[in-house]
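Report on the following structure.
Numbering of ligands and ligand atoms starts at 1, following listing order.
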Amino acid sequence: MRTPIIAGNWKMHKTAAEAIQLAHAVCEAVVDINGVDVVLCPPFTALGAVKTIVENTKVGLGAQNMYWEEQGAFTGEVSPLMLAELCGYVILGHSERRQFFGETDEGVNKKIKVALAHNLTPIVCVGENLAQNEAGETAAFVGGQVKAAFAGLSAEDAVKVIVAYEPIWAIGTGKTADPATANSIIGLSIRGAIAEMYSESVAQQIRVQYGGSVKPDNVDSFMAQPDIDGALVGGASLKPDSFLALVKGTL
Ligand code: PGA
C-alpha cells in the first residue's frame, strides 16, 4: 500500500514571518490526522524558520529546487548539503523551473541522484504543455521525461522518488486534467516507463501525485483514481483552511 502524500508548493510566496504563521496553523490543524504524509515547501528564505515549527510534528519540510554540487562558486544556488540539514524533501524539475530557468532533463537527473545521496526525497515534476496535449503527444512526452529523470538510478533508489504529474496547462489556471485521463497517463506513461526500466514491482511502489489546480472541491476526484497517490498543490496550499481541506480530501 502506498501512503498518500500531499505537498504544498508555496512557490515565491510568503516571507519568513508569514511562513511561520501558515506552518503553525497547518501543524495544529493536522495534529489528529493520520494516514497521509503532509509536506510544506516554502521558499529557501523561510526553510530555517519553518523547520523550527514543523520539528517534532508529523509535518514534513521540502525545498523547491536545489543545485547538484555540494559547494563552490555557484552564486545564488543552494546545495544538497545545505538542504539536508534543513529538510527531508526537494521538488525537482518543476515546470516553472524548466520553462523560466532553463532546466533540462539532464540537469534534473543529476539533481535527483545527488538529492538521494544526501537522503533528500525528490518530488520530481513531469508534464506536457498545451500544444503537446492538443497534438496528442502527452503519453510519449511524459514517458520520455520519466525515463530521462530515472536514467542511471538503481531500483533501490528509484523507489524512493516521488513523481508529480503536472500538466503545465493546468498549473495555476483553474483548469484540471480529467481525473481518469490523469490516472491513465500516470498508469501508462509514468508507471509504465518505470516498469520498463526496472520492474512492475518498482513501478507499483513509487508514489505519484497529480498537480495542477487541485482544490478542496476536486481533490476527491483525483484521489479516487487508483494510480494517484496524492497531490502537489500551489495556490490552494497558501491558506490554512483550504490546505486542511485538501489534506482531509486525500484520505
Ligand atoms: P497550482 O500549482 O495548484 O497553483 O495549480 C501546482 C504546482 O505548480 O505545483
Side-chain angles (χ1 to χ4, degrees), residues 4-14 18-19 22 26 36-44 46-47 50 59-66 87 89-103 108 111-112 115 120-130 132-133 138 141-142 145-146 149 161-179 181-183 185-186 190 207-223 225 228-250:
I5 175 162
I6 181 145
N9 173 9
W10 296 359
K11 308 194 179 186
M12 200 173 74
H13 295 287
K14 306 288 176 189
E18 291 166 345
L22 178 54
V26 170
V36 51
D37 291 340
V38 178
V39 180
L40 304 180
C41 303
F44 289 133
L47 276 176
V50 173
V59 175
L61 186 61
Q64 298 173 17
N65 183 28
M66 181 198 83
C87 60
Y89 296 83
V90 59
I91 299 172
L92 295 176
H94 190 280
S95 64
E96 287 150 18
R97 300 292 323 163
R98 296 180 192 254
Q99 251 183 303
F100 306 135
F101 302 98
E103 295 213 9
V108 172
K111 291 180 179 190
I112 294 169
L120 293 160
T121 298
I123 298 177
V124 179
C125 302
V126 295
E128 80 288 359
N129 66 26
L130 187 60
Q132 291 166 323
N133 183 278
T138 300
F141 180 73
V142 170
Q145 280 185 315
V146 169
V161 176
I162 296 165
V163 178
Y165 170 53
E166 297 204 310
I168 298 172
W169 49 270
I171 295 176
T173 57
K175 288 186 208 156
T176 62
D178 166 61
T181 307
N183 187 68
I185 296 297
I186 290 171
I190 298 180
R207 295 194 285 180
V208 185
Q209 301 170 303
Y210 168 79
S213 298
V214 177
K215 309 279 182 230
D217 65 1
N218 64 24
V219 66
D220 297 9
S221 62
F222 290 102
M223 291 310 300
Q225 300 293 331
I228 300 182
D229 305 315
L232 179 59
V233 187
S237 73
L238 296 172
K239 297 225 167 74
D241 290 354
S242 101
F243 190 61
L244 176 62
L246 289 168
V247 172
K248 288 185 174 158
T250 312

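A donor-acceptor contact shorter than 3.5 Å links the side chain of Gln132 to the backbone of Asn129. Here the side chain of Glu103 pairs no donor or acceptor atom with the backbone of His94 at under 3.5 angstrom. Between the side chain of Tyr210 and the backbone N or O of Thr176, no donor-acceptor pair lies under 3.5 Å. One N or O on the side chain of Arg98 and one on the backbone of Gly93 form a donor-acceptor pair closer than 3.5 Å. With hydrogens and angles ignored, the 3.5 Å screen pairs a side-chain donor or acceptor of Gln64 with a backbone N or O of Cys41.
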Can you pull every nitrogen or oxygen pair between ligand 1 and the protein closer than 3.5 angstrom?
| from | atom 1 | to | atom 2 | distance (Å) |
| --- | --- | --- | --- | --- |
| ligand 1 | 2 (O) | Lys11 | NZ | 3.3 |
| ligand 1 | 2 (O) | Gly234 | N | 3.4 |
| ligand 1 | 3 (O) | Gly234 | N | 2.8 |
| ligand 1 | 4 (O) | Gly235 | N | 2.9 |
| ligand 1 | 5 (O) | Gly172 | N | 2.7 |
| ligand 1 | 5 (O) | Ser213 | N | 2.8 |
| ligand 1 | 8 (O) | Lys11 | NZ | 2.7 |
| ligand 1 | 8 (O) | His94 | NE2 | 2.7 |
| ligand 1 | 9 (O) | His94 | NE2 | 3.4 |
| ligand 1 | 9 (O) | Glu166 | OE1 | 3.3 |
| ligand 1 | 9 (O) | Glu166 | OE2 | 2.6 |

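With sequence neighbours excluded, the residues forming a side chain to side chain contact (heavy atoms under 4.5 Å, CB included) with Thr173 are Lys175, Ser213, listed by chain and number.
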